[in-house]
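Scope of the values below: all heavy atoms of this structure, side chains included, with no hydrogens, waters or symmetry mates. Numbers restart at 1 for each chain; the letters A, B, ... are given by sequence-line order, proteins then strands.
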Protein chains: 2
Amino acid sequence: MHNFRKPPTMADVARRTGVSPMTVSRAFKRDSSVSQETREAVLRAAEELGYVFDSTASNLRSQRTDFIAVTIPSINNANFADTVRALSDRVSERGLQILLGYTNYDVAEEERLIEQLLRRKPEAIVVTGGKHTPRARKLLSNAGIPVIETWDLPEEPIGHVVGFSNALAVREMVDHFVSVGYRKIAFIGGDADRDTRGTDRRAGFIAAMKDHGLDAPRLIAAGPPPISMREGANAMGQLLERFPDTEAVICVSDLSAFGALTECQRRGIAVPDRMAIGGFGDYEIGAISVPSLTTINAFAREIGAKTADLILDVLDGKLDRPGRVTIRPDLILRQTSR
Amino acid sequence: MHNFRKPPTMADVARRTGVSPMTVSRAFKRDSSVSQETREAVLRAAEELGYVFDSTASNLRSQRTDFIAVTIPSINNANFADTVRALSDRVSERGLQILLGYTNYDVAEEERLIEQLLRRKPEAIVVTGGKHTPRARKLLSNAGIPVIETWDLPEEPIGHVVGFSNALAVREMVDHFVSVGYRKIAFIGGDADRDTRGTDRRAGFIAAMKDHGLDAPRLIAAGPPPISMREGANAMGQLLERFPDTEAVICVSDLSAFGALTECQRRGIAVPDRMAIGGFGDYEIGAISVPSLTTINAFAREIGAKTADLILDVLDGKLDRPGRVTIRPDLILRQTSR
DNA sequence: ACTTGCATTGGTAACGATAACATGGATGCC
DNA sequence: GGCATCCATGTTATCGTTACCAATGCAAGT
């Protein structure tokens, strides 16, 4: 079963093929100049020996790992997964591989993760969000590789940015809700000090309400992020008890919005007639639930794709100053609201 | 912004601290013997210089990467994400890092991915499923590292196994459905030739039906995996048109089951009275939807945790023969069935 | 006093690929 | 024919860390 001999190296393959190790190295590269027959002979010998290319040596000597480091808050979130998938698909065409880590929505954890990832010497690093510890900022700035902040529009970006304003996106929903007559509007989100995007959305909500001359006392904190469906349901329960006259609620994500919807269904509260609901993120569930969810499409896949384009441009030297790609989220009106 | 000097190495830190590079190296390891004050001096000097440990050199020299390679069918699936998270949390305590790749439910893609991952010289490799191309099997066998197949119970495992029988799990649901009186039971799954776990579940369904003396002509193929909520809804539509007298349907996952449920809701079909629905995977949505979904808990997190335990045992030399950890999925009865 | 043992530190070589440069031979052009 | 050019391949040194072995100093034990 196990093979206890030392695994073969390029030197072994070279000896067997009757060429130099350098030629073997070239044969394993895409576009190096090796004759067709030599390459085939090398690859055949490699296959016979069971040779497996050793990236670790290549990484050290060439000072290239072909890693793109990525941090996301949670591995179990369809929005971030969409972004990573689009990013991964795009950069893998160019031989780059994603090195993924998750922060649990915690900037201290993010700092640890960033340090760990940078040790692996990635070609670029993509972080979700624009809020970081001072040390994390410093690590990123000094890393000497492209840094891309996503899912946010930081005022003082570290390097490149591909994102959108969470506050403005929610504002758009508030504007619409007010325009169709809702006044007593609530917000369901996470605890203020953890989920920075959620906090931005809440801030956007409050500011927008204010601009319409409306107070915003109906704020339900559903716990530390991520806010699950279950927590959304519980929050809706709280909301109905504390502010029974609420007409509409905006939730920090479609997941909590769906949970809130189910709570209404369990309590026999008509949606949207007695209670309107808005979500965020355009998750699949919002499109298919009955009633379907009014939500905001943040174009998760597009964020990933544009991030990939940006990285490739920078690595190709086609972009020498920080790029700033702004995504415009889209309000999607469905059955849970007028 | 960018720092164009060559980044500092251990030698630079050593010079600044007034010790040898070897001592710097030791100071960066957890349990190496360096005096407390030396370590602190080294770390201080490193911080001042902005030194970042270079894993690539370490990996080559020590022949250790501290990577655990993992392949999953899709990055956007809560079950696999749960497994990866549990695995990651557990092994990261020991300084190991997950190197993740996804196969798009395709064994050819899996083969490419496995080869790519093995080049990075991981300490162990975890694959989802027990079906692979012959070359992939060979690559894994010859890799000289622990191989763990998960989410399945292959008859001829390559190395270790942490999984369950997809066929038996579905059988349990069929047994229950029959015991409470359903006879005309359908199955909604993916196309037969791609999703191997889905195919196993379908096979388990057919076999179980047969054992009850029941035919199983009501098989809806909803397309290539993964089967989304939308596809589940479409499949339910097809089912209702082709087999209108169906009493119950078992879906390949909770996602398609929820989609099927919503289609019933749109068509005014009472669940479970006129149509019972069963899912698979115990996703959050199944617990919270109205009505809540009868499903099968495959213990995704436990698979990840036990895989981690197994890997750590093997790496510690505490396990010298292939391990086989069998998970027993659990039938969860909820409101979409009797 | 002398050995033994431990804790701490240092010197040297090596991990396995490839960047940089060099070379031999074929081909093209005037 | 002579010279430039290009293609395919070889030689040498090196990327930055750490395994391995050695050495020093000091405390404890006999």
- Message: Base contacts versus sugar-phosphate-only contacts with protein, heavy atoms under 4.0 Å: please encode nucleotides 23-28 of chain C as B, S and - from 5' to 3'.
- Response: ------
- Item | side chain to side chain donor-acceptor pair (under 3.5 Å) involving B:S25 - partner list, sequence neighbours excluded | none
- Item | Pairs where residues 59-70 of chain A contributes a residue and the test salt bridge (Lys or Arg N to Asp or Glu O under 4.0 Å) is met, not counting sequence neighbours | A:R64-A:D66
- Tell me, please, which residues at least two apart from A:D54 pass side chain to side chain donor-acceptor pair (under 3.5 Å). A:T56
- Can you sort out the partners of A:K121 under side chain to side chain donor-acceptor pair (under 3.5 Å), two or more places apart, ordered by chain and number? none
- Taking only residues two or more places apart in sequence, or in another chain, which ones meet A:A11 in a side-chain contact (heavy atoms from CB on, under 4.5 Å)? A:T9, A:R15
- Item | Any residue meeting side chain to side chain donor-acceptor pair (under 3.5 Å) with A:R135, in chain and number order, not counting sequence neighbours | A:E111, A:E115, B:E47
Let me have the donor-acceptor pairs involving side chains of residues 69-81 of chain A, under 3.5 Å, with sequence neighbours excluded, atom names and distances please.
residue : atom : partner : partner atom : Å
A:S74   : OG   : A:N76   : N            : 2.9
A:N76   : ND2  : B:D82   : OD1          : 3.0
A:N77   : OD1  : A:N79   : N            : 2.8
A:N77   : OD1  : A:F80   : N            : 3.1
A:N77   : OD1  : A:Y283  : OH           : 3.3
A:N77   : ND2  : A:Y283  : OH           : 3.1
A:N79   : ND2  : A:G281  : O            : 3.2

- Query: Which parts of residues 51-65 of chain B get close to DNA chain D, meaning a heavy atom less than 4.0 angstrom away?
  - Reply: B:Y51, B:F53, B:D54, B:A57, B:S58, B:R61, B:S62
- Message: What range of DNA chain D does chain A touch, first nucleotide to last, counting atoms under 4.0 Å from its heavy atoms?
- Response: D:dA8 to D:dG16
Under 3.5 Å, which N/O atoms of the protein pair with N/O atoms of nucleotides 9-11 of chain C?
residue : atom : partner : partner atom : Å
C:dT9   : OP1  : B:S35   : OG           : 3.4
C:dT9   : OP1  : B:T38   : OG1          : 2.5
C:dT9   : OP2  : B:S35   : N            : 3.0
C:dG10  : OP2  : B:S20   : N            : 2.9
C:dG10  : OP2  : B:S20   : OG           : 3.0
C:dG10  : OP2  : B:T23   : OG1          : 2.5
C:dG10  : N7   : B:R26   : NH1          : 3.3
C:dG10  : O6   : B:R26   : NH2          : 2.6

- Message: Using the side-chain contact (heavy atoms from CB on, under 4.5 Å) criterion, which residues pair with A:E302? Sequence neighbours excluded.
- Response: A:F299, A:K306, A:I327
